[in-house]
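All chains are named by letter (A, B, ...) in the order of the sequence lines, taking the proteins before the strands, and each is independently numbered beginning at 1. It should be emphasised that the depicted structure is a prediction, and the values quoted were computed from it without experimental measurement.
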Amino acid sequence: MTSATETKSKTLLSHLVDTGAHQKLLAFASLIALLIGFSIASPNFMQTSNMIAILQATSVNGVLAVAATLVIITGGIDLSVGTLMTFCAVIAGVVLTYAGMPLPLGVAAAIGAGAFCGLCSGTFVAKMKIPPFIATLGMMLILKGLSLVISGTRPIYFNDTPGFDQISRGSLIGEIIPALPIPNGVLILFLVALSASYILGRTVLGRYTFALGSNEEAVRLSGVNTDAWKMGIYALAGGICGIAGILIASRLNSAQPALGLGYELEAIAAVVIGGTSLSGGRGTILGTLIGALIMAVLTNGLRVLSVAQEWQTVVTGAIIILAVYADMVRRRQTN
Amino acid sequence: MAPIVSMTGIEKRFPGVHALKNVQFDLEAGEVHALMGENGAGKSTLMKILSGIYSRDGGDLQIEGRSVSPDSPRAAQDLGIGIIHQELSLMNDLTVAQNIFIGREPRKSFGRLDEAALNAQTAEIFAPMNLTLDPKAPVGSLTIARQQMVEIAKALSYRSKVLIMDEPTAALNEAEIAELFVIIRRLRAEGVGIVYISHKMDELKRIADRVTVMRDGEYVGTVDAIATPINQIIAMMVGREVKDDPLDVPDLSQAEIALEVRGLSRGREIHDVSFSVRKGEILGFAGLMGAGRTEVARAIFGADLRDAGDIRVHGQAVPIASPSDAVRAGIGYLSEDRKHFGLATGMSLRDNIALASMHRFTRRGGALNDDAMRDAAQGYIRQLGIRTPSDTQEVRLLSGGNQQKVVIAKWLLRDCDILIFDEPTRGIDVGAKSEIYKLLEELAAQGKTIIVISSELPEIMRLSHRIAVMCEGRLTGILQGGTETTQEDIMKLATQREAAMQPTGT
Ligand SMILES: Nc1ncnc2c1ncn2[C@@H]1O[C@H](COP(=O)(O)OP(=O)(O)OP(=O)(O)O)[C@@H](O)[C@H]1O
Ligand SMILES: [Mg+2]
């Protein structure tokens with residue numbers, strides 16, 4: 001009775017695509033609809049420069065959303081991704097600008113700091129049994145405060161670190177194919193997403209991530225050290241926030257300690273628009289990417305159409321509700 | 001008189017599964033109609049169609065001569081159809097009374113809840129059931145058996161004309177089953193039509209009037225329950241004879257002691273329990289509901305922390321503080337409650353079977369060898385006869401008995417030296433049951449140590465080389481397995497309540 005028709009060797013790329021691809025269809029269709037709608041409404045929208053701007057805007061939120069996805073699949077939530085990103089940017093600033101260390105060390109320090117903070121959140125959740133919402137809410141505030149303390153509430157500029165701004169703004173692809181000046185930030189997002197998708201789909205850590213979200217007690221009673229794995233996932237998510245910290249610092253060529261609050265909500269919005277269930281056990285990175293793109297297209301398109309900032313916010317909120325509702329309806333039909 | 005329920009030509013398809021093929025079923029008022037069949041035969045699916053949970057793809061459903069299509073459980077209730085599901089569907093954080101009256105709570109003015117009336121009415125439902133349960137207790141704090149009683153009370157409270165019971169006794173012990181039967185007989189006398197699904201063959205003769213048998217989604221036949229021999233019904237179910245070998249108790253007096261438990265205590269649930277099991281031995285644990293057998297197993301396994309007690313594995317003291325410690329020490333524990341503690345139901349068969357053994361399928365760097373996982377899963381699907389379209393099917397879409405087989409497969413794959421099986425055959429059909437008995441005996445013969453906890457005395461007596469009996473958290477005695485021990489011997493120990501007694505036997 002078992003089907004032997006399963007494709008044997010999946011490539012990395014196909015894995016990113018085929019994990020529950022039908023689920024993504026809806027989000028993908030909305031993305032296309034938005035793109036078409038805005039192109040018709042404004043001739044400026046479909047310009048290459050504008051498309052690049054959208055992608056650039058997606059990169060930071062996209063990376064954060066990937067981090068948030070990992071935690072949400074375990075059945076948790078991470079409210080600290082935004083301020084953790086800022087904290088990591090500040091750490092990079094301290095290492096590079098204040099201490100004058102070489103570039104790779106700064107990048108490593110940011111990612112390491114992110115992973116460490118994630119590990120802390122993970123410890124609060126797994127070992128101390130603090131609900132993820134509370135643990136990461138606390139972490140969000142702690143990190144916001146620490147960023148301000150460490151930086152002395154002033155931005156740290158990276159003018160002395162040549163090449164730092166190129167991490168996000170340069171374009172390796174553009175150097176090879178001049179017609180396609182895709183910024184490195186987008187390339188990095190793509191690599192992060194690909195790795196996360198690989199981890200989720202093809203490694204033990206990933207399998208346990210889903211299992212924890214599906215039924216943590218059953219996993220524990222299977223003799224799995226659930227606490228350790230959960231801490232690992234939070235640490236991984238933290239490390240990814242570190243990458244986001246480097247991206248945003250590079251884009252602004254500075255670490256802005258006051259920035260960060262609000263990013264967590266945008267990231268979570270991208271995750272749920274992408275069809276990941278907030279109750280855990282279900283979700284994909286591809287969905288999250290599409291979700292992040294929808295958010296960026298929306299913000300950008302409304303700006304191109306000169307919709308007032310206040311109304312942009314209203315529309316974004318409405319879209320989130322609509323997207324999740326549509327997903328619910330679809331789910332009810334397939335069950 | 002027209003039957004109260006009449007189903008003809010019922011069809012139902014799920015993706016990859018033709019679950020019901022031209023099935024018929026009818027129910028008279030005032031009869032107990034048993035619905036029998038192997039795991040995955042389609043019994044639950046048929047009853048879910050009757051009770052408005054699934055819509056049918058074809059066929060006709062008549063209630064009291066009128067064609068109907070209930071499209072929700074609510075609509076079915078309005079037609080007088082109540083169902084007790086195979087998988088418990090109670091809200092753990094609500095109290096017993098709140099669960100029973102969910103959706104129709106007694107109210108005072110301005111929509112305020114009348115908690116007093118709620119609890120009083122619940123007590124009224126319990127009284128004729130002989131059930132001593134606090135209406136105010138949160139359901140999550142009750143044992144499965146008691147939760148099952150709450151489900152039954154809930155279904156009764158609707159005053160249904162048709163009552164469907166999908167394996168109501170799977171989690172009940174003898175005494176509770178007897179009580180349930182008293183209730184069923186009373187309802188039958190009142191003219192309620194009862195559909196009764198069970199894998200316990202002996203219950204047929206005790207409670208059923210007619211039996212309808214299904215196989216592979218097809219209707220096989222309907223026969224009189226009293227006049228038809230059990231063997232014939234089993235043959236109708238499985239399409240062959242089921243032969244069960246008698247118990248053969250090996251002499252293990254020379255075998256090494258594999259697991260030794262000394263002075264195990266935990267709160268009010270476990271008092272000073274000590275026993276040992278030898279390599280190659282099957283030790284059965286008998287006792288009434290709440291005797292503390294599951295608690296002992298969970299404490300040994302590290303699922304709950306213990307107040308006192310030493311655990312020695314192969315003569316070595318092992319500090320067990322968590323299930324992962326226990327598994328590392330070679331102890332596996334199959335929980336009695338597969339839905340909450342056994343399965344990640346949203347994940348595939350393959351993942352669930354591999355869940356306790358991921359290290360085997362992990363390459364360096366943490367990448368999973370999915371091909372090997374698939375092969376392992378497919379091996380068990382074949383060995384245990386798990387009915388599923390593929391090993392990537394989500395476990396929640398399997399029938400109850402097939403889900404149970406997945407949990408068994410998970411622990412077989414883990415290959416522990418010492419296996420504790422808590423109600424291993426819950427919801428498993430007769431044919432598969434005897435296969436699992438043989439499997440456990442093979443494992444023991446290979447030198448594994450097996451502990452079986454079961455509320456079914458015949459199962460305990462069929463399997464155990466020795467029988468440990470518990471009562472109210474104490475081990476009241478250990479009996480020899482085999483023919484010289486009778487059910488009465490076990491029951492005597494299981495009800496030995498005096499506090500100052502000494503354990504007897506080895
Ligand atoms: N929602 C569903 N989606 C897909 N397949 C399903 C679904 N529900 C049931 N099935 C399949 O239909 C078949 C019949 O299942 P059903 O639950 O009716 O069996 P059953 O006779 O009640 O078995 P058991 O004795 O194990 O409870 C099984 O093969 C099962 O896997
Ligand atoms: Mg069933």
Side-chain angles (χ1 to χ4, degrees), chain A residues 1-10 12 15 18-20 22 73-75 126-127 195 198-230 232-233 236 276-277 279-283 331-335, chain B residues 15-17 298 301-303 322-328 331-335 337-347 349 351-352 354-359 361-363 365-371 373-374 377-378 381-382 386-393 395-396 407 410-411 414 416:
Chain A
M1 293 241 279
T2 26
S3 72
T5 51
E6 218 188 340
T7 38
K8 272 231 159 172
S9 53
K10 284 189 219 156
L12 274 185
H15 198 268
D18 78 359
T19 35
H22 55 285
I73 292 177
T74 65
K127 290 277 182 217
S195 320
Y198 177 80
I199 288 171
L200 274 183
R202 304 295 290 257
T203 68
V204 223
L205 180 64
R207 207 56 57 95
Y208 284 148
T209 307
F210 284 103
L212 285 173
S214 183
N215 186 349
E216 181 173 343
E217 190 59 11
V219 181
R220 187 177 80 97
L221 291 180
S222 296
V224 175
N225 190 343
T226 44
D227 291 355
W229 289 102
K230 207 190 255 181
I233 294 157
L236 177 64
T276 294
S277 153
S279 48
R282 241 158 246 278
R331 229 171 263 214
R332 217 172 300 153
Q333 276 164 355
T334 50
N335 272 338
Chain B
V17 184
R298 285 180 60 98
F301 189 59
S322 72
S324 62
D325 293 342
V327 170
R328 213 171 307 123
I331 304 175
Y333 168 63
L334 179 142
S335 162
D337 183 349
R338 59 174 172 259
K339 189 173 160 195
H340 290 114
F341 302 138
L343 294 166
T345 52
M347 299 181 82
L349 246 90
D351 289 339
N352 272 284
L355 195 56
S357 320
M358 283 295 184
H359 60 279
F361 304 108
T362 310
R363 299 206 184 91
L368 279 177
N369 185 348
D370 253 311
D371 290 347
M373 269 168 72
R374 182 199 53 216
Q378 290 184 350
I381 288 173
R382 244 172 287 126
I386 302 175
R387 226 164 271 226
T388 173
S390 85
D391 66 311
T392 52
Q393 182 84 335
V395 167
R396 72 188 167 91
V407 194
K410 174 173 85 179
W411 285 112
R414 187 59 182 75
C416 293

- Item | Residue among B:P323, B:A377, B:A356 with most heavy-atom pairs under 4.5 Å to chain A |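 When all of B:P323, B:A377, B:A356 are compared, B:P323 has the most.
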Interchain contact, [X] with chain A, by part (heavy-atom threshold 4.5 Å):
| X | answer |
| --- | --- |
| B:L355 | both |
| B:A367 | both |
| B:S357 | neither |

- Specify which of A:A211, A:G206, A:G223 makes the most heavy-atom pairs with chain B at under 4.5 Å. A:G223
- What do the steps show when you test B:R328 against B:D325 for salt bridge (charged side-chain N to carboxylate O under 4.0 Å, His left out), and what is the final call? CA-CA 5 Å; B:R328 213 171 307 123; B:D325 293 342; 3.7 Å; yes
- Query: So, the side chain of B:N369 versus the backbone of B:F361: is there a donor-acceptor pair under 3.5 Å, distance only?
  - Reply: no
- Message: Between A:N215 (side chain only) and B:K339 (backbone N and O only), is there a donor and an acceptor less than 3.5 Å apart?
- Response: yes
- Message: Using 30° and 60° as the class boundaries, would you call the ring planes of B:F301 and B:W411 parallel, tilted or perpendicular?
- Response: perpendicular
- Check whether NZ of the Lys or CZ of the Arg B:R298 lies under 6.0 Å from the centre of the six-membered ring of B:F341 and within 45 degrees of that ring's axis. yes
